[in-house]
There are 2 protein chains.
Amino acid sequence: MAESLDATDWAILAELQADGRVPLTELGRRVNLGASATTERVKRLEASGVITGYRAVVDLERVGCAVLAVVRLKHAGSRHEPFHRVVRRRAEVLECLRTTGEDCYVLKVAATSMAHLERVVDELSFFGDTNTNIVYGQTLPYRGPQGP
Amino acid sequence: MAESLDATDWAILAELQADGRVPLTELGRRVNLGASATTERVKRLEASGVITGYRAVVDLERVGCAVLAVVRLKHAGSRHEPFHRVVRRRAEVLECLRTTGEDCYVLKVAATSMAHLERVVDELSFFGDTNTNIVYGQTLPYRGPQGP
DNA sequence: CGATTTTACCGGGGAAAACCCGGCTGGATC
DNA sequence: GATCCAGCCGGGTTTTCCCCGGTAAAATCG
């Protein structure tokens, strides 16, 4: 289970994080490896849990999610399961991080309108004080972890 | 450019967000469509910008990023380009959202250790007051936008 | 030091998928 | 009702995937 990623593994990770659908033969070409060796390495990265999956990235605005917001929530009380249930049920919640500090949770919420966002935040507010910030845009294209 | 996604498109998006590497023929099987029709729809979703790309998802802990943090930053002054440059250069910054509210930016930072995180935050603090929360864990597995 | 195991890589061959093309159907337009 | 057109299907070719055995270098061990 001990992982030690060499430069080739990192190159593979970089390629797959940039284009998760690249054929393994083409990936091998890019990292100067044969198809079999590349497949073997990718399989190992998947099996060892380094690569947890592959995802298509969807443009939020183009699917009707006009409003993106960061909601911080200071959960009141200690029983968090009901809150977790709501978070799971509400598809508008894209991400939910539990953090240190005053605000126990940081959520990323995608809504179709401000009214829609308001309804979601209202439901979340049941569990504690919330603090909502609308997102203007992403300063960074996005990226995953990179090599050392 | 006007998008109107029907139920099949949403089914395709759901499948590709869950497994971005599923073969198109298998994807067609799952949404009850032939291979050609499926390919055509996926191509259209890509060309129209609904699908912006595909990504391998990497387990942060398994690649040595033991510390994940949410850093909020209240940028001082109005010239933001230097800050953007640093954010782009620093691979530890996985995400950078510009938001409304007191804190202009919300960053997601992955570091290998607390000392490492401190160095990153120190560099960010140059541009304004920061507020850092360590992430315990993700309450939600992650998901993208879903159908209406 | 030499023999054996392990690890990583390559190459081949059959199966599967991707790709490109023409053709069919059912609804909208005129 | 004839035409047009978007959407889907099917077939044939190219590419990729997947599993196999084989090889060479490094690590392990007597």
Side-chain angles (χ1 to χ4, degrees), chain A residues 1-65 144-148, chain B residues 1-65 144-148:
Chain A
M1 208 170 294
E3 299 305 331
S4 61
L5 306 176
D6 62 15
T8 304
D9 283 327
W10 277 110
I12 287 174
L13 287 180
E15 292 291 336
L16 287 179
Q17 286 186 92
D19 178 9
R21 249 184 116 80
V22 60
L24 293 180
T25 63
E26 170 62 20
L27 174 59
R29 242 167 266 145
R30 294 189 197 169
V31 300
N32 295 316
L33 225 59
S36 304
T38 308
T39 305
E40 206 172 322
R41 278 178 182 262
V42 171
K43 284 273 151 55
R44 196 180 42 208
L45 289 170
E46 292 170 357
S48 65
V50 173
I51 296 175
T52 61
Y54 300 88
R55 262 211 289 296
V57 185
V58 172
D59 186 307
L60 289 174
E61 298 188 8
R62 304 225 187 207
V63 294
C65 293
Q146 288 161 315
Chain B
M1 208 171 296
E3 298 308 329
S4 61
L5 305 176
D6 62 15
T8 305
D9 283 326
W10 277 112
I12 287 175
L13 288 179
E15 292 291 337
L16 287 178
Q17 286 186 95
D19 178 8
R21 248 182 119 79
V22 60
L24 293 181
T25 62
E26 170 62 20
L27 174 59
R29 239 167 270 144
R30 295 189 196 168
V31 300
N32 295 316
L33 225 58
S36 305
T38 309
T39 305
E40 205 172 324
R41 276 178 182 263
V42 171
K43 284 271 152 55
R44 188 157 40 100
L45 289 170
E46 292 170 356
S48 65
V50 173
I51 296 175
T52 61
Y54 300 89
R55 255 215 277 335
V57 185
V58 172
D59 187 306
L60 290 173
E61 297 188 8
R62 305 227 187 205
V63 294
C65 292
Q146 287 161 318

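Residue numbers begin at 1 in each chain, while the letters A, B, ... track the order of the sequences. Hydrogens, waters and symmetry mates play no part in the numbers below; they use all other heavy atoms, side chains included.
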Check whether B:Arg21 reaches the backbone of A:Gly53 with its side chain - one donor and one acceptor, N or O, closer than 3.5 Å.
no
Measure from the side-chain heavy atoms of B:Ala37 and tell me the nearest of C:dC9, C:dA17, D:dC8.
D:dC8
Tell me whether A:Gln17 contacts the main-chain N or O of A:Pro145 through its side chain, where contact means a donor paired with an acceptor under 3.5 Å.
yes
Can you tell me how far P of D:dA6 sits from CG of B:Asp6, to the nearest Å?
15 Å
Would you tell me if any nitrogen or oxygen in the side chain of B:Lys43 comes within less than 4.0 Å of OP1 or OP2 on C:dC19?
yes
Check the phosphate of C:dA8 against A:Arg44, side-chain N and O only, distance under 4.0 Å to OP1 or OP2. Yes or no?
yes
Can you give me the bend angle of the helix from C:dC1-D:dG30 to C:dC30-D:dG1? Use the axis through the first five pairs and the one through the last five, nearest 10 degrees.
30°
On a heavy-atom basis, which atom in B:Val58 and which in A:Thr52 lie closest, and how many Å separate them?
N-OG1, 4.5 Å
Chi angles and distances behind the side-chain contact (heavy atoms from CB on, under 4.5 Å) call for B:Leu45, B:Leu5:
CA-CA 9 Å; B:Leu45 289 170; B:Leu5 305 176; 3.7 Å; yes
State which residues pass side-chain contact (heavy atoms from CB on, under 4.5 Å) with A:Glu61; sequence neighbours excluded, sorted by chain then number.
A:Asp59
Whole angstrom is fine here: how far is it from CG in A:Asp9 over to P in C:dT7?
15 Å
Write down the protein N/O and nucleotide N/O pairs, taken from nucleotides 10-13 of chain D, whose separation is under 3.5 Å; answer none if there are no such pairs.
residue, atom, partner, partner atom, Å
D:dG10, O6, B:Ser36, OG, 2.6

Please list, in numerical order, the residues of residues 24-35 of chain A that have a heavy atom closer than 4.0 Å to any atom of DNA chain C.
A:Leu33, A:Gly34
With a 3.5 Å distance limit and no angle check, can you tell me whether B:Arg62 reaches the backbone of A:Ile51 through a side-chain donor-acceptor pair?
no
Expressed as a whole number of angstroms, how long is the span from B:Glu40:CD to D:dA6:C1'?
8 Å
5' priority, DNA chain C, between A:Thr38 and B:Val22 [closest heavy atom]
A:Thr38
Beyond-backbone contact of A:Val63 with B:Trp10, side-chain heavy atoms, under 4.5 angstrom:
yes
Can you tell me how far apart OG1 (A:Thr38) and CG (A:Leu24) are? Round to the nearest 0.5 Å.
7.0 Å
Residues in salt bridge (charged side-chain N to carboxylate O under 4.0 Å, His left out) with A:Asp19, at least two apart?
none
Determine, stepwise, if the pair A:Arg44 / A:Arg41 fulfils side-chain contact (heavy atoms from CB on, under 4.5 Å).
CA-CA 5 Å; A:Arg44 196 180 42 208; A:Arg41 278 178 182 262; 3.9 Å; yes
In whole Å, I'd like the distance from the CZ atom of B:Arg41 to the P atom of D:dA6.
14 Å
Ignoring hydrogens and angles, write down the donor-acceptor pairs under 3.5 Å from the side chains of residues 27-37 of chain A, residues two or more places apart or on other chains.
residue, atom, partner, partner atom, Å
A:Arg29, NH1, A:Glu26, OE1, 2.7
A:Arg30, NE, A:Glu26, OE2, 3.0
A:Arg30, NH1, A:Glu15, OE1, 2.9

B:Leu5 has an atom CG; how far is it from atom P of D:dA6, in whole Å?
18 Å
